[in-house]
Protein chains: 2
Amino acid sequence: MQIAHSALTQKLSAFVVLSDTDLDTLARFHRRRRSFAAGHSLIHEGQNHKSAFILAEGWACSYKMLPDGERQIVGIQIAGDFLGLRSILFRTSDHSLEAVTRIEASEVLASDILDSFAQAPRLATAVLWAASRDEAMVVEHLVNLGRRSAEMRMAHFLLELRARLKLVGIGDASGFDCPLTQYHLADILGLSAVHVNRVLRHLREDGLVTFQKGRVMFHDIAALGTLAGFDPDYLDQDGPLLR
Amino acid sequence: MQIAHSALTQKLSAFVVLSDTDLDTLARFHRRRRSFAAGHSLIHEGQNHKSAFILAEGWACSYKMLPDGERQIVGIQIAGDFLGLRSILFRTSDHSLEAVTRIEASEVLASDILDSFAQAPRLATAVLWAASRDEAMVVEHLVNLGRRSAEMRMAHFLLELRARLKLVGIGDASGFDCPLTQYHLADILGLSAVHVNRVLRHLREDGLVTFQKGRVMFHDIAALGTLAGFDPDYLDQDGPLLR
DNA sequence: CGATAGTTTGAACTGACTCAAAACCCGTGG
DNA sequence: CCACGGGTTTTGAGTCAGTTCAAACTATCG
């Protein structure tokens with residue numbers, strides 16, 4: 001029941017309508033449920049991992065550390081997202097991954113996924129779509145870091161998060177609850193924590209967004225979108241396109 | 001003959017040893033050979049594309065434009081790389097793509113690739129590996145923009161290029177020919193063209209690399225690697241790992 | 001109620017930018 | 001063979017967005 005309507009199912013439905021076979025195969029991904037405490041480290045860069053996870057509940061982040069101790073967060077994962085999918089075919093994982101909040105996740109083996117390509121090709125395509133979408137988010141993130149100002153980055157990030165959370169039924173028109181600290185935001189946006197604070201104050205004073213006490217509240221989404229140059233097309237999530 | 005030893009084959013062989021069936025299926029990817037002039041635009045962001053390309057010869061780059069006319073280059077593609085693979089499942093492409101030099105490329109349809117999953121699962125895994133590797137490069141690029149200084153970015157980028165070119169048999173121990181202008185480098189590294197020039201001068205004066213007259217020459221790879229914090233593991237290309 | 005994690009603010013500094021102008025390089029056509 | 005012109009590289013001077021360092025303030029939780 002709750003499996004059939006898992007966050008992943010909900011997300012994939014933005015791409016195709018899944019058949020019963022698809023749903024069955026998908027359900028098989030959800031054996032091996034695990035739960036991890038906030039701050040727990042699931043994947044270590046440089047180690048070999050034959051499995052990935054599907055996040056069912058809570059927030060996680062993937063990141064890379066630099067020799068000088070700096071950290072760059074590559075992406076934030078929410079319910080319905082894959083964790084560590086990229087490097088199951090690699091000798092060693094190219095990134096680390098830790099739980100931001102307490103999380104619930106299902107472990108999936110490389111073979112589970114590869115086998116599904118033969119059994120449920122439609123589902124397989126949907127999984128590839130999800131992976132492509134993850135990559136599109138990384139790409140947009142890269143553009144953020146390369147060519148946008150601190151304020152634009154913040155605005156863009158918050159709007160993306162809003163759209164992603166909406167797709168899996170989290171948050172409402174006014175905003176969403178967000179467990180990220182300003183240190184997280186700094187490591188996501190390639191800024192210092194101090195500057196993150198100033199940027200948030202600025203956006204708040206301009207009546208665009210408020211991020212306080214673990215809640216993000218939007219006051220002028222249109223203006224925020226213009227500021228950020230946010231065009232949600234790269235999320236490719238405008239209703240299911242049957243084919 | 002030259003098809004059997006295409007750059008793509010050479011690259012995929014860093015991941016698995018391909019069977020004859022694999023090679024046959026792969027050869028089928030190489031019908032529909034096209035050639036495009038330098039500067040030609042192959043893919044436009046926002047347009048629908050049912051096909052991708054495999055680059056056989058020359059250099060290309062994928063990028064995104066911002067509303068204010070700024071450009072961020074997402075990646076440079078060389079022989080053996082896929083062009084536009086990420087968005088064949090999307091409604092609209094999330095990026096644009098243009099030829100840096102005159103290029104030769106084979107057009108592949110979404111169906112060619114998806115069908116191959118059933119026919120040649122081993123090849124399919126290899127293609128997925130290549131896609132994962134592309135994503136890993138974007139991720140490393142993101143870390144570059146987020147947390148490294150201009151000099152480190154440049155050093156890192158040149159070392160990555162060196163490793164990638166070596167895998168497909170381009171360049172030698174001393175360096176490689178490179179058709180990129182300082183404007184390209186600026187749009188790749190999230191810098192201004194003026195600053196790119198200063199950075200290159202600095203690296204040259206320190207006896208690390210020289211980039212002049214379309215040729216990159218390395219003088220101290222070890223020192224450059226240390227400066228950049230370059231660890232090639234994310235390229236996952238250390239010899240074929242059979243399985 | 002003390003400790004620890006996170007937020008907020010100020011002041012001084014700096015890496016990278018912008019603007020501006022030369023110099024160079026190379027292919028083209030007269 | 002030389003002059004022209006567009007693209008590219010190089011250098012200088014001044015500016016600014018974002019940093020670092022330092023400190024105070026605010027939660028929250030055992």
Side-chain angles (χ1 to χ4, degrees), chain A residues 37-39 59 61 66 68-73 98-102 144-155 157 177-206 209-217 227, chain B residues 37-39 59 61 66 68-73 98-102 144-155 157 177-206 209-217 227:
Chain A
W59 294 49
C61 73
L66 297 177
D68 62 355
E70 292 266 42
R71 175 166 87 151
Q72 176 64 48
I73 294 182
E98 77 176 34
V100 172
T101 64
R102 164 160 219 87
N144 236 2
L145 297 184
R147 289 297 185 208
R148 284 196 259 250
S149 70
E151 256 119 46
M152 294 166 81
R153 287 183 214 179
M154 181 68 78
F157 174 70
D177 293 324
C178 179
L180 302 173
T181 68
Q182 295 184 357
Y183 288 97
H184 284 123
L185 294 174
D187 286 345
I188 293 164
L189 302 177
L191 300 169
S192 67
V194 170
H195 199 56
V196 162
N197 186 280
R198 293 192 232 273
V199 167
L200 286 176
R201 167 155 55 114
H202 196 212
L203 292 177
R204 194 186 326 126
E205 286 170 356
D206 285 358
V209 238
T210 307
F211 186 170
Q212 272 167 335
K213 263 296 277 167
R215 177 146 187 103
V216 175
M217 290 207 293
L227 168 66
Chain B
W59 295 49
C61 74
L66 296 177
D68 60 356
E70 292 267 44
R71 174 167 88 151
Q72 175 64 48
I73 293 181
E98 75 175 36
V100 172
T101 64
R102 162 160 219 87
N144 235 3
L145 296 184
R147 289 297 187 209
R148 285 196 259 250
S149 69
E151 256 118 47
M152 295 166 80
R153 285 182 216 179
M154 181 68 77
F157 173 70
D177 292 325
C178 180
L180 302 173
T181 68
Q182 294 184 359
Y183 287 97
H184 284 123
L185 293 173
D187 286 344
I188 292 164
L189 302 176
L191 300 170
S192 66
V194 171
H195 200 56
V196 162
N197 186 280
R198 293 193 229 274
V199 167
L200 285 176
R201 166 155 55 114
H202 196 213
L203 292 176
R204 193 186 328 126
E205 286 169 356
D206 284 0
V209 239
T210 307
F211 187 168
Q212 271 167 336
K213 263 294 279 165
R215 177 145 187 104
V216 176
M217 289 209 292
L227 167 66

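Here the structure is a predicted model, which means the values were calculated and not measured. By convention in this document, chain letters (A, B, ...) are assigned in the order of the sequence lines, proteins followed by strands, and residues within each chain are numbered from 1.
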Here the distance between atom P of C:dT18 and atom CG of B:D68, to the nearest Å, is 10 Å
Here the distance between atom C1' of C:dT18 and atom CD of B:E70, to the nearest Å, is 12 Å
Rounding to 0.5 Å, atoms CG (B:L191) and CG (B:N197) come to a distance of 12.0 Å
* Looking at every strand, decide which applies to B:G214 at a 4.0 Å heavy-atom threshold: base, sugar-phosphate, or nothing. => nothing
Taking every heavy atom of B:I73 against every heavy atom of B:H184, the minimum-distance pair comes out as CD1-O, 3.7 Å
Residues of residues 147-155 of chain B with a heavy atom under 4.0 Å from any atom of DNA chain D, listed by number, are none
Here the pair of heavy atoms bringing A:L145 nearest to A:L189 is CD2-O, 3.2 Å
Practice prompt. Side-chain contact test, heavy atoms from C-beta onward, threshold under 4.5 Å: evaluate it for B:L180 versus B:F157 and give yes or no.
Written response: yes
Separation of C:dA5 atom P from A:L185 atom CG, nearest Å, is 19 Å
Any B:K213 side-chain nitrogen or oxygen under 4.0 Å from OP1 or OP2 of C:dC26
yes
Heavy atoms of A:L227 and A:A155 approach each other most closely as CD2-CB, 4.1 Å
Smallest heavy-atom separation, B:A186 atom then B:S192 atom, equals CB-C, 3.7 Å
Problem set entry | A:D187 vs B:R147, side-chain contact (heavy atoms from CB on, under 4.5 Å): CA-CA, chis, key distance, verdict | CA-CA 9 Å; A:D187 286 345; B:R147 289 297 187 209; 2.7 Å; yes
Atom CG of B:L145 and atom P of D:dG18 are separated, to the nearest Å, by 14 Å
Given protein heavy atoms under 4.0 Å, the one-letter contact record of nucleotides 6-14 of chain C, with B base, S sugar-phosphate only and - none, is simply SBBBBB---
Heavy-atom nearest pair, B:Q72 first then B:I188, reads NE2-O, 3.0 Å
Taken to the nearest whole Å, CG/A:L191 to P/D:dC16 is 20 Å
All heavy atoms of B:D177 vs all of B:W59, minimum pair found to be O-CZ2, 3.5 Å
Notebook entry, point to check: Under 4.0 angstrom, heavy atoms only, what part of the nucleic acid is B:G190 near: base, sugar-phosphate, or nothing?
Noted result: sugar-phosphate
